[in-house]
Structure formats: structure tokens, C-alpha cells
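Okay, so here's the structure we're looking at.
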Number of protein chains: 2
Amino acid sequence: MLKAERLQKIVEQIAKDNKVILDDLSLLLNVSTDTVRRDIKELSDKGLLKAVRGGAIMGSQVHPHFKERQHIDTQQKKVIAQKVLEFIKSGQVILANAGTTTTAVMEALPKDITLTVITNSFPIISVLEDYPNVNVFFIGGQLNKHSFSTTGYETIEAIRNFRADICLLGICSIDLKVGLTDFDYQESLVDRAMIETSKYIIALSTYDKVGTSDPYYVCAANGIDVLITEKDPSVADLVGFKDAGILIK
Amino acid sequence: MLKAERLQKIVEQIAKDNKVILDDLSLLLNVSTDTVRRDIKELSDKGLLKAVRGGAIMGSQVHPHFKERQHIDTQQKKVIAQKVLEFIKSGQVILANAGTTTTAVMEALPKDITLTVITNSFPIISVLEDYPNVNVFFIGGQLNKHSFSTTGYETIEAIRNFRADICLLGICSIDLKVGLTDFDYQESLVDRAMIETSKYIIALSTYDKVGTSDPYYVCAANGIDVLITEKDPSVADLVGFKDAGILIK
DNA sequence: TTTCATTTTGCAATATTATGCAATATATTT
DNA sequence: AAATATATTGCATAATATTGCAAAATGAAA
């Protein structure tokens with residue numbers, strides 16, 4: 001049986017019974033429990049179900065579409081998320097922009113952490129739902145159906161009413177000379193506003209975005225305090241940022 | 001049975017009966033009371049219920065979580081949604097509050113309709129994503145994890161910046177003498193603000209909420225223009241509203 | 001085809017988690 | 001205070017998860 005078939009059957013089962021059990025699937029699909037476990041993990045990463053000990057159950061029915069687009073570069077983003085955690089302390093006020101990387105960071109937070117998170121990202125909201133001690137403030141505005149976030153005048157104005165300890169900035173492009181840039185004008189404005197109102201800027205970028213640029217300027221490279229990628233800080237392309245006074249992780 | 005299933009069932013029970021008893025659960029779920037106790041502790045840590053001697057009761061919020069409410073009375077809500085459609089014309093500006101009924105209305109909209117929708121409800125956003133001609137404005141504010149909506153000062157202020165043609169108001173309780181009331185103070189304030197800034201108020205209520213009341217006042221019964229339930233307008237309990245000048249559908 | 005790289009899969013060793021039991025402690029009722 | 005019910009703790013066992021690894025399968029390029 002093809003792997004794709006297996007995944008399909010698992011999804012079908014879940015739709016039918018609201019749950020699947022590891023051993024049952026192993027028997028039904030004629031593969032080891034290890035494989036089933038890996039399959040479930042994969043589907044879980046795509047947000048199609050929720051992996052639990054011993055099997056899987058239906059994930060959140062409320063916003064399934066938010067999660068479906070997050071399955072790109074999952075591994076790198078998880079590495080970045082782990083690196084971010086050392087900067088986040090209980091009780092802080094965190095401003096987070098919209099993006100799959102910032103969402104991955106939220107997913108990596110310990111379930112009992114106490115924080116205030118301010119964001120304009122709907123996927124982040126759906127993650128933080130399950131964090132009882134995280135106080136969430138959502139920034140309103142015009143819905144952007146591509147980024148699943150709000151933008152526009154009201155969004156910018158609302159951001160200016162906050163002072164955050166940390167700004168978590170998932171970014172489109174970063175280049176030592178050009179600085180941070182975005183391919184969406186409205187989002188670049190949001191990023192700017194977030195940077196201006198935060199004490200400490202942590203930029204999150206997968207390594208392939210380093211050295212690239214987009215049409216809309218956000219800020220100079222040294223406008224950020226930390227740059228986090230999934231690679232080791234000693235990688236050649238990153239040392240330039242270090243020399244510019246940016247902490248590389 | 002999976003542990004995750006057990007936890008779900010406990011939460012369901014609590015939502016239904018407002019309480020659970022250790023021994024009952026132990027029997028129902030086929031696990032020792034020790035395990036049930038540990039499950040309850042876990043859920044209690046997440047804030048989903050309050051552990052007490054001998055079992056558990058509902059936490060601070062009296063009403064069940066949106067995820068659970070979403071699946072009750074679905075049929076009635078669909079009937080209501082269909083009735084609402086005749087009031088909604090292309091090009092209008094609609095203000096919608098948070099609730100499973102208003103969400104059901106959005107789901108019933110024709111996919112190609114042109115509208116502007118202003119809301120503080122996250123589930124409505126996730127529905128309207130798929131409507132290419134619906135311009136959506138989200139009202140920011142403090143996240144309320146039970147209703148999946150925003151409330152608070154900023155929310156109220158933002159609402160006041162709009163003028164809507166129609167206000168779709170999913171309601172908690174309505175009584176001819178007491179008027180509209182809500183069980184959540186913050187949401188009652190949002191409802192008030194929405195009513196004040198809209199030209200035409202359509203209240204949506206399943207029939208079982210007619211004649212009931214909650215602690216927080218929203219507006220007088222005749223403060224609304226239309227009342228829509230799943231029942232026929234000729235039903236005895238509804239004619240009183242008709243006499244008060246409210247259109248019943 | 002053959003070769004090489006990548007992905008998939010199963011296995012084994014190890015770590016983690018879940019569960020029931022029993023001993024002890026604490027609360028509640030009589 | 002005594003009796004009863006419920007909680008807490010530590011522990012042993014079983015179930016499940018994770019990790020690294022090697023064999024097999026698959027796919028792409030020569």
C-alpha cells in the first residue's frame with residue numbers, strides 16, 4: 001500500500017470515529033506501529049489531526065484552514081522556536097507579527113507559561129487558546145486573507161498604544177546592506193510599527209531568506225537586536241551580522 | 001480508550017451537568033479513581049474545570065467552551081440562518097457579535113455575496129476567509145478564550161468608529177419585560193455598543209432562550225427591530241413581542 | 001539499464017508516561 | 001473522638017515514545 005493511501009485512510013478513520021488507535025492502524029494498514037506513529041506525526045504537523053499518546057483525535061474544529069498552510073519548513077521552524085525560548089521570560093509582554101515562524105514559536109512555548117502576547121495574527125490566536133496563563137491581546141483591522149492577519153490604519157494605530165518587552169518578528173528577507181524588507185506593503189508598515197514600540201527586537205528567519213531582499217523597506221539590519229536562524233551562528237553568511245552588533249543565534 | 005478521549009469526555013460531562021463525580025467517571029471510563037483524579041488535576045491545571053473533593057465542578061465561566069457549544073442545536077441554528085438571509089442585501093455593512101448562531105448565519109451566506117462584515121468573533125473570521133467578495137474588518141481587543149472573541153475598552157471604542165446597516169446579534173436571553181441580557185459582562189457591553197452604532201438590529205435566538213434572563217442588561221426588548229427564532233412567528237410566547245412592535249420571523 | 005541520493009520503513013535500545021496499588025495523611029461526618 | 005470517605009505519595013509495572021541506525025524501497029540522473 002502506498003504511503004499516501006495510508007495517510008488518507010488515517011484521515012478517513014479520524015473523520016468517522018473522531019479518533020484512531022495506534023495498534024488498530026498498524027494492523028489495518030500492515031505496517032509497524034513506528035510507521036503509523038510517523039504518519040500521525042506528519043498529519044499532525046499539517047494540522048489535520050491531533051496526535052495524542054496511543055493514537056490521535058480530531059484537532060480543533062474551529063480553524064482548520066489556518067493550520068493547513070503551516071507545513072512548510074516545519075523542522076527548521078521548530079529549531080528556531082527552540083532557540084527563541086531562552087529569550088522569553090515569564091511575565092513579559094511580547095509583540096508578535098504574523099507568520100508561520102512566529103506561530104511555530106508560540107507552539108513551542110511551555111503550556112503553563114505566564115505572558116502577555118499582542119498580535120495581529122489569527123493562527124497565533126488559535127495556538128494561544130490553549131494557554132491558560134497567557135493573556136492575549138488581538139490587534140484589530142482589515143482582514144488580510146493571505147497572511148491571516150490584520151493590517152491597515154487601525155492596526156498601526158493600535159500597535160502604537162503598546163510598549164512591549166520583546167518583538168518577535170518573523171521576516172521575509174534580510175540583507176546586511178539592504179536591511180529587513182517585506183513583499184507586502186501593508187505588512188511592512190505593521191512590522192515597522194511593532195519595531196518602534198518594542199524594547200528588544202528578535203528577528204526570526206530561515207537561513208534561505210538571509211541575503212535576500214523584497215520591495216518594501218522595514219528597517220536597517222542593525223535595527224534588530226537578535227537574529228535567529230536554524231543554522232549555527234558560525235556559518236559564513238551570518239558573521240557579517242555579528243560584526244554589525246547583532247546577536248546571532 | 002485513549003487518555004485524550006477520557007479527558008474530552010470529562011470536559012463534556014462537566015459542560016452538560018456542571019459537575020462530575022469521581023466514582024461515576026471511574027465506572028464510566030473504566031479506570032481507577034486514582035487515574036480519574038489525576039485527569040481532573042490535569043484539566044484543572046489547564047483551567048477547564050475546578051477540582052473539588054469527590055469530583056469537579058465548572059470553573060469560573062458558567063458557560064461551556066465554544067468548541068462544545070458549536071455542536072448543539074445545530075439544526076435550529078441552520079433554520080435561523082436561513083430566515084436571516086432575506087434581510088441581507090449585497091453591499092451592506094454588517095456588524096456581527098460573537099456566538100454560534102451568528103457564525104451559523106455566516107456559514108449560510110451565498111459564496112459570491114458582496115458585503116462588509118465587522119466582527120469581534122474569531123470563528124466568523126475563519127468562515128469568511130472563503131468569501132472572496134466579503135470585506136472583513138476585525139475588531140481588536142482582549143481575547144476571551146471562552147467565546148473566541150475580543151472584548152474590553154479597545155473593542156468598544158473600535159465599534160464606535162463604525163456605522164453599520166445591520167447588526168446581527170446572537171443573544172443569550174431575551175424577555176419581553178427584562179429585555180436582552182447576557183451572562184458575560186464584557187460581552188454585554190460589546191452588544192450595547194454594537195446596537196448603538198447600527199441602524200437595524202436583528203436579534204437571533206433559539207426558542208429556548210425566549211423568556212429567560214441573565215445578570216447583565218443589554219437593552220430593552222423594543223430596542224431591537226427583528227427577532228428571529230427557529231419556531232413559527234405565531235407561537236404563543238412570541239406574539240407579545242409582535243405587539244411591542246418587534247418583527248418576528 | 002545502472003548509479004547515486006533520498007525517503008521510507010522496521011528494529012532495538014533507551015527514555016518517558018500512564019496506571020493501579022498500597023501505605024499514609026487529611027478532611028468530613030457522625 | 002471515632003468512623004468513613006477522600007487525597008497524597010511513592011513505587012512497580014506496563015504501555016507508549018524517542019532516537020539512532022541499517023536495510024529496503026523509491027526516484028532522479030547518467
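Side-chain atoms are counted along with the backbone in the values below, which use heavy atoms only and exclude waters and symmetry mates. The sequence lines fix the lettering, A, B, ..., with proteins before strands; numbering per chain opens at 1.
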field: Atom of A/Thr181, atom of A/Cys172 and distance for their closest heavy-atom approach
entry: O-CB, 3.5 Å

- request: Give me the bend of the helix from C/dT1-D/dA30 to C/dT30-D/dA1, using the axes of the five pairs at each end, rounded to 10°.
  value: 40°

I'd like a list of close polar pairs between nucleotides 12-15 of chain D and the protein, N/O only, cut-off under 3.5 Å.
{"unit_1": "D/dA15", "atom_1": "N3", "unit_2": "A/Arg53", "atom_2": "NH2", "d": "3.1"}

- prompt: Are the side chain of A/Asp225 and the backbone N or O of A/Ile202 linked by a donor-acceptor pair below 3.5 Å?
  reply: no

query: What is the minimum heavy-atom distance between A/Ala98 and A/Ser147, and which atoms define it?
result: CB-O, 4.2 Å

Separation of atom CD1 in B/Ile40 from atom P in C/dT19, rounded to whole Å: 14 Å

message: Can you give me the closest heavy-atom contact between A/Ser205 and A/Ile174, atom names plus distance?
response: OG-CG2, 4.2 Å

- prompt: Of all residues at least two apart in sequence or in a different chain, which pass the ring pair (Phe, Tyr, Trp, His ring centres under 6.0 Å) check with A/Phe241?
  reply: none

- line: With sequence neighbours left out, the residues meeting side-chain contact (heavy atoms from CB on, under 4.5 Å) with B/Glu154 are A/Phe137

query: In B/S/- notation, 5' to 3', how is nucleotides 5-15 of chain C contacted by protein heavy atoms closer than 4.0 Å?
result: ---SBBBB---

task: Of all the heavy-atom pairs spanning B/Ile124 and B/Asn97, show the shortest one and how long it is.
output: CD1-O, 3.7 Å

statement: Of A/Ile21 and B/Val52, the one whose nearest nucleotide on DNA chain D sits closer to the 5' end is B/Val52

- request: Applying side-chain contact (heavy atoms from CB on, under 4.5 Å), name anything that partners B/Leu22, two or more places apart in sequence or on another chain.
  value: B/Val36, B/Arg37, B/Ile40

field: Atom OH of B/Tyr131 with >12 non-hydrogen neighbours under 6.0 angstrom
entry: yes

For atom CG of B/Leu27 and atom P of C/dG20, their distance in whole Å: 13 Å

- prompt: In whole angstrom, what separates B/Leu29's CG from C/dT19's C1'?
  reply: 14 Å

task: Could you tell me whether A/Lys83 atom NZ has more than 12 heavy atoms of other residues or ligands within 6.0 Å of it?
output: yes

